[in-house]
Amino acid sequence: MGAFHYEAIKFADRSKISGVINATNEKEARELLREQDLVPTKLKLIKNDASAMGKKAKINPIMGLIQQVLGIGAKEKIAFTRNIGMMIRAGIPLTEALMYFENFVKNAKFKSVVARVRQDIMSGYSLSQALSRHKEVFDNVYISVTRAGEKSGELDRTMNRLTELMIKAEKLKMKIIATSVYPIVVLGIVVLVLILMFVLVIPTFVDIYTKMGVKLPLITQIMFWISEFLKNQWFISFPLLGISIFGIIKFLNTSTGKVLMDGLFLKVPVINELLTYTQNSHFVSTFYVSFSAGLPITEAIQLAVQTVQHTQIRAAFEQVNLQIQTGQRLGTALHNTGYVPDIVLLMISSGEESGDMEHMLENAFEYLEDEINHRVEVLTAMMEPLLLLFVGVIVGFVALSIYLPLFSMYDFL
């Protein structure tokens with residue numbers, strides 16, 4: 001397939017227009033232009049698939065393999081959505097905007113997806129219809145909001161809202177990951193140090209106490225048994241440890257495990273507040289973008305519920321649409337979930353009363369974002385002393401179990 005630079009006259013007002021169009025040959029290019037109510041006056045082949053990408057098409061085979069494994073990341077979808085919105089607003093035809101992005105995207109997998117989307121649009125599909133054929137990349141929220149933007153004639157504004165939504169969601173995700181990394185690293189180091197102590201340090205004390213004939217307390221005996229097992233039966237203990245960790249992870253990924261962990265997190269102080277505000281942020285932000293794109297309120301809520309990941313909170317939000325359909329107001333239905341903060345409820349209720357729901361949803365989202373940032377800072381500040389206390393207790397317990405026989409010896413003497 002090649003690309004042609006064209007000059008044409010609009011059939012409606014006889015004005016001149018120029019641009020670039022993709023086609024296999026000049027005849028097809030002219031037919032595609034006529035389908036757009038354009039009369040082509042000049043066509044010139046500027047590139048074909050072999051030369052269109054030039055150096056840009058050269059992708060490192062190793063990077064290509066990594067991209068196939070990792071898939072398409074959020075940053076690439078954000079760049080796609082932002083660029084498409086900017087080009088549509090600038091008056092560039094959608095197929096040309098997609099071709100531009102296809103030429104410059106580095107991810108080979110995403111390049112092929114964009115190419116198929118562009119080809120489907122040239123075959124008569126709308127953008128939302130073309131995107132819906134790639135649901136492994138574009139979720140239901142993205143596709144439905146895009147469809148609403150097409151129907152309202154404000155696709156550029158809709159793409160901008162989607163861009164903002166994805167950027168804020170990605171920032172929130174990165175912030176939570178960054179907060180989680182510190183305790184995970186510390187716990188990993190603690191486990192590694194404990195294993196080294198059991199394998200290298202404790203056996204030395206075993207030999208000393210055995211030669212001295214010291215009577216060992218129960219806690220010391222347990223530590224010595226664990227040390228002996230890890231040292232002499234390592235070919236059993238370490239695979240068993242790995243299988244146990246794998247089994248726990250698999251269990252937590254099941255519906256039962258997820259419900260169990262979600263219920264546990266809701267009972268932990270500070271974390272339960274951060275979790276509630278985070279899930280509310282997902283719901284309100286998606287509801288805001290969907291509603292402002294022109295979707296009916298029930299459909300917007302249905303899409304928003306899909307972004308709530310916590311099982312109990314999601315189950316509560318799923319009842320909102322049912323209550324609205326029975327005549328309840330949105331503010332009352334959200335209050336009945338028991339998970340929406342009072343200020344957010346007040347904003348949404350005010351939006352219902354004033355008819356300015358879109359603006360109030362935006363304010364509610366900004367409030368939730370500020371609260372999440374504050375609670376992340378509080379949790380981060382609490383994390384360090386709590387982890388130090390935890391490490392101190394573990395190390396102190398192991399040290400006490402090792403040196404306790406020495407204390408009993410001194411008492412005996």
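Residues take their numbers from the sequence shown, with the count starting at 1. Remember, predicted model here, so these are calculated numbers, not experimental data.
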Might you confirm whether atom [atom1] of [X] has over 12 heavy atoms from other residues, nucleotides or ligands at distances under 6.0 Å?
X: Tyr367; atom1: OH; value: yes
X: Met86; atom1: CE; value: no
X: Tyr182; atom1: OH; value: yes
X: His335; atom1: NE2; value: no
X: Asn253; atom1: CG; value: yes
X: Phe235; atom1: CZ; value: yes
X: Glu228; atom1: CD; value: no
X: Lys231; atom1: NZ; value: no

Is the shortest heavy-atom distance from the side chain of [X] to the side chain of [Y] under 4.5 Å?
X: Phe317; Y: Ile313; answer: yes
X: Ile167; Y: Arg82; answer: yes
X: Phe224; Y: Phe205; answer: yes
X: Phe283; Y: Leu303; answer: no
X: Val201; Y: Leu196; answer: no
X: Leu275; Y: His310; answer: yes
X: Gln328; Y: Asn336; answer: yes
X: Met159; Y: Thr146; answer: yes

Check [X] against [Y] and note the closest heavy-atom contact, atom names and distance.
X: His282; Y: Thr307; answer: O-OG1, 3.2 Å
X: Met360; Y: Ser350; answer: CE-CB, 4.1 Å
X: Ile143; Y: Ser132; answer: CD1-CA, 3.5 Å
X: Ala364; Y: Val344; answer: CB-CG1, 4.1 Å
X: Ser126; Y: Gln129; answer: N-OE1, 2.9 Å
X: Phe365; Y: Lys168; answer: CE2-CD, 3.0 Å

Could you tell me if [Y] and [X] have a donor-acceptor pair between their side chains, going purely by distance under 3.5 Å?
X: Asn103; Y: Lys111; answer: no
X: Ser128; Y: Glu150; answer: yes
X: Thr298; Y: Asn321; answer: no
X: Thr256; Y: Thr254; answer: no
X: Tyr142; Y: Thr81; answer: yes

For the backbone of [Y] and the side chain of [X], can you confirm whether one donor and one acceptor N or O come within less than 3.5 Å of each other?
X: Ser144; Y: Asn140; value: yes
X: Asp262; Y: Thr311; value: yes
X: Glu352; Y: Gly331; value: yes
X: Ser401; Y: Val398; value: yes
X: Glu384; Y: Ala381; value: no
X: Asn373; Y: Glu369; value: yes
X: Glu164; Y: Arg161; value: no
X: Thr158; Y: Ala293; value: no
X: Ser281; Y: Tyr277; value: no

Mind checking the [atom1]-[atom2] spacing from [X] to [Y]? Nearest 0.5 Å is all I need.
X: Leu194; Y: Ile394; atom1: CG; atom2: CD1; answer: 6.5 Å
X: Glu377; Y: Thr179; atom1: CD; atom2: OG1; answer: 10.0 Å
X: Gln279; Y: Tyr339; atom1: CD; atom2: OH; answer: 11.0 Å
X: Met357; Y: Tyr288; atom1: CE; atom2: OH; answer: 13.5 Å
X: Ser244; Y: Ile249; atom1: OG; atom2: CD1; answer: 11.0 Å
X: Ile88; Y: Arg157; atom1: CD1; atom2: CZ; answer: 14.0 Å

Worked verdict on Arg329 versus Glu353 for salt bridge (Lys or Arg N to Asp or Glu O under 4.0 Å): CA-CA 10 Å; Arg329 296 179 68 85; Glu353 294 291 340; 3.3 Å; yes
Derivation and outcome, salt bridge (Lys or Arg N to Asp or Glu O under 4.0 Å), residues Arg118 and Glu102: CA-CA 9 Å; Arg118 177 175 54 80; Glu102 180 188 342; 2.7 Å; yes
Worked check of side chain to side chain contact (heavy atoms under 4.5 Å, CB included) between Arg314 and Glu318: CA-CA 6 Å; Arg314 181 170 182 168; Glu318 284 174 346; 3.7 Å; yes
Phe198 ring center near Phe229 ring center (under 6.0 Å):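 That pair fails the under 6.0 Å test.
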Side chain to side chain contact (heavy atoms under 4.5 Å, CB included) assessment of Phe390 paired with Val393: CA-CA 5 Å; Phe390 173 77; Val393 170; 5.9 Å; no
Side chain to side chain contact (heavy atoms under 4.5 Å, CB included) assessment of Thr220 paired with Trp225: CA-CA 9 Å; Thr220 307; Trp225 290 337; over 6 Å; no
Asp156 and Ile84: CA distance, side-chain angles, deciding distance, side chain to side chain contact (heavy atoms under 4.5 Å, CB included) verdict: CA-CA 8 Å; Asp156 56 333; Ile84 295 301; over 6 Å; no
Whether Phe80 and Phe101 hold their rings parallel, tilted or perpendicular, with breakpoints at 30° and 60°: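 Phe80 vs Phe101 ring planes: perpendicular.
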